[in-house]
Undergrad: 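Quick one: this structure, given as structure tokens, is what I'll be asking you about.
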Amino acid sequence: MNKMGLEYLDETHQTSCTAWNYHGSGTSNLVALASVAVRNWHRAYETGYFPLIHCGTSFGNYKEMRNLLIEHKDLRDEVRRIMHKVGRELVIPEEIVHYSEWLHVLRDRVAAMRIHDVSNIVTTVHPACHVWKLIPEDVIYDPNIYGGERPAPTTAILLALGAQVADYSTWYDCCGFGFRHILTEREFSRSFSLERKIKVMVEEAHSDVAITQDTGCTTTLDKNQWIGKAHGYNYDLPVMADVQFAALAAGADPYKVVQIQWHTSGWQKLLDKMGIDWQSSKAAYEAYLEELRAGKEPEQLYIPPVEQPV
């Protein structure tokens, strides 16, 4: 967005969608879920910016709540009553948009900024379940992407950048996160992530990197690979979001912008293969940290708009 000169707001007064409650424990109810969604939509309406959702579960939850609010007057009336108590109105966006859909629409503009050749990089895509399985008929499809039979976002940006996208048999499977079972059966999540996703991507597709479109999926596939070492597995497959891969291909700083250092799976060989000098980026970042410790003001990726009233 910065490189394209697009205006946006990183809103600090948005709240959780509460979908963690819904998927994790089943204690939430439709009125609560819908009220939190409408509260956040009204906050976006106040600021004059359209909500662009990053979290895949928030996205799926918001789409479900939007449909239910449109279809059920009783739910609208109850939510409107709650909103009036907190000084807000019932606002329903025309569309709910996930960031990967935004990336899909602008993929040609993003690809035009590419400075690193990624044609030798074999990618495998994990489409986030809560992004597309909750309301699959409303997902973006493209006849050029698997004949229109799978979601187009994420795969489309990789193809636009010139990367190879390899198929694998368990593309449909959950990443292992799933919300409920990562809370109640964490070892199942860890083994599922490794056996059903990482192992298959490496052995079947010979993948250089697993590409995701949601924070939960990225974290699960990235952080759980260590568990396999106890059983003699050492796949060490890099995992990152589609927008991170696109930013790297476009020349974004691996440490300061992409923040590749927070990933636990090995990414160094991948960046070497992409022709990215991550060692220099690391040295510059470490020097920057020393400057911060000495009292330097942090660098900002963008200058936020003037704070809006809450």
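Sequence positions, counted from 1, serve as the residue numbers for this chain.
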Undergrad: Run the side chain to side chain donor-acceptor pair (under 3.5 Å) test against K296 and tell me which residues pass, sequence neighbours left out.
TA: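 K296 satisfies side chain to side chain donor-acceptor pair (under 3.5 Å) with E291 only.
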Undergrad: Going by ring pair (Phe, Tyr, Trp, His ring centres under 6.0 Å), name the residues that satisfy it together with H72, two or more places apart in sequence or in a different chain.
TA: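 Testing H72 for ring pair (Phe, Tyr, Trp, His ring centres under 6.0 Å), a comparison that skips the adjacent residues, returns none.
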Undergrad: With a 4.5 Å limit on heavy-atom distance, are the side chains of L248 and P254 in contact?
TA: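 L248 vs P254: side chains touch.
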Undergrad: Tell me whether V125 is reachable from L270 by hopping between hydrophobic residues (I, L, V, M, F, W, Y) whose side-chain heavy atoms are closer than 4.5 Å.
TA: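 Looking at the clustering, V125 is in the same group as L270.
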Undergrad: One pair to check against side-chain hydrogen bond (donor to acceptor under 3.5 Å, both in side chains): Y285 and Q259. What are the steps and the verdict?
TA: CA-CA 10 Å; Y285 182 71; Q259 298 185 19; over 6 Å; no
Undergrad: Hey, are D167 and R150 close enough for a salt bridge, meaning a charged N less than 4.0 Å from a carboxylate O?
TA: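 Salt bridge: yes.
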Undergrad: In this structure, are over 12 heavy atoms from other groups packed under 6.0 Å from K282 atom NZ?
TA: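 No.
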Undergrad: For E94, is the CD atom crowded, meaning more than 12 foreign heavy atoms sit under 6.0 Å from it?
TA: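 Atom CD in E94 is not crowded, with 12 or fewer foreign heavy atoms closer than 6.0 Å.
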Undergrad: Is there a donor in the side chain of S281 and an acceptor in the side chain of D253, or the other way round, less than 3.5 Å apart?
TA: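 Present: a donor and an acceptor within the cut-off.
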Undergrad: Hey, does L289 have a side-chain heavy atom less than 4.5 Å from the side chain of L292?
TA: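 Yes. Closest side-chain heavy atoms under 4.5 Å.
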Undergrad: Ignoring hydrogens and angles, tell me if any N or O in the side chain of R114 forms a donor-acceptor pair with the backbone of L161 under 3.5 Å.
TA: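 Checked: pair present.
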Undergrad: Output yes when D77 and R81 qualify as a salt bridge under the 4.0 Å nitrogen-oxygen rule, no when they do not.
TA: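 Between R81 and D77 there is no salt bridge, as every charged N stays at least 4.0 Å from the carboxylate O atoms.
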Undergrad: Can you tell me if NZ on K256 sees more than 12 non-hydrogen neighbours from other groups inside 6.0 Å?
TA: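 More than 12 within 6.0 Å, yes.
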Undergrad: Does any donor atom in the side chain of S193 or T220 lie under 3.5 Å from an acceptor atom in the other side chain?
TA: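 Absent: no donor and acceptor within the cut-off.
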Undergrad: Return yes if a side-chain donor-acceptor contact under 3.5 Å exists between D242 and S100, otherwise no.
TA: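 No, no side-chain donor-acceptor contact under 3.5 Å.
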Undergrad: Taking C-beta and beyond as the side chain, do M240 and I260 meet within less than 4.5 Å on heavy atoms?
TA: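 Counting from C-beta outward, M240 and I260 do come under 4.5 Å.
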Undergrad: Decide whether a cation-pi geometry holds between K197 and Y168; the criteria are a distance under 6.0 Å from NZ or CZ to the six-membered ring centre and an angle within 45° of the ring axis.
TA: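 The answer is no; the distance or angle limit is not met.
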Undergrad: Do the side chains of V36 and N40 get nearer than 4.5 Å, heavy atoms only?
TA: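 Yes, their side chains come closer than 4.5 Å.
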Undergrad: Given W132 and Y172, is the ring pair (Phe, Tyr, Trp, His ring centres under 6.0 Å) satisfied, shown in steps?
TA: CA-CA 11 Å; W132 77 280; Y172 185 89; 5.7 Å; yes
Undergrad: Side-chain contact, heavy-atom cut-off 4.5 Å: R66 with K63?
TA: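 A side-chain contact under 4.5 Å is absent here.
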Undergrad: Examine distances only and state if a side-chain atom of S280 and a backbone atom of D277 form a donor-acceptor pair shorter than 3.5 Å.
TA: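 Answer holds: no.
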Undergrad: Evaluate the criterion salt bridge (Lys or Arg N to Asp or Glu O under 4.0 Å) for residue pair D117 and K273; output intermediate values, then yes/no.
TA: CA-CA 9 Å; D117 181 9; K273 194 171 182 179; over 6 Å; no
Undergrad: Just wondering, are more than 12 heavy atoms of other shown residues or ligands nearer than 6.0 Å to OH in Y146?
TA: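 Correct, the count exceeds 12.
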Undergrad: Closer than 3.5 angstrom, by distance alone: can the side chain of E204 be matched with the main-chain N or O of M201 as a donor-acceptor pair?
TA: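 Such a contact is absent between E204 side chain and M201 backbone.
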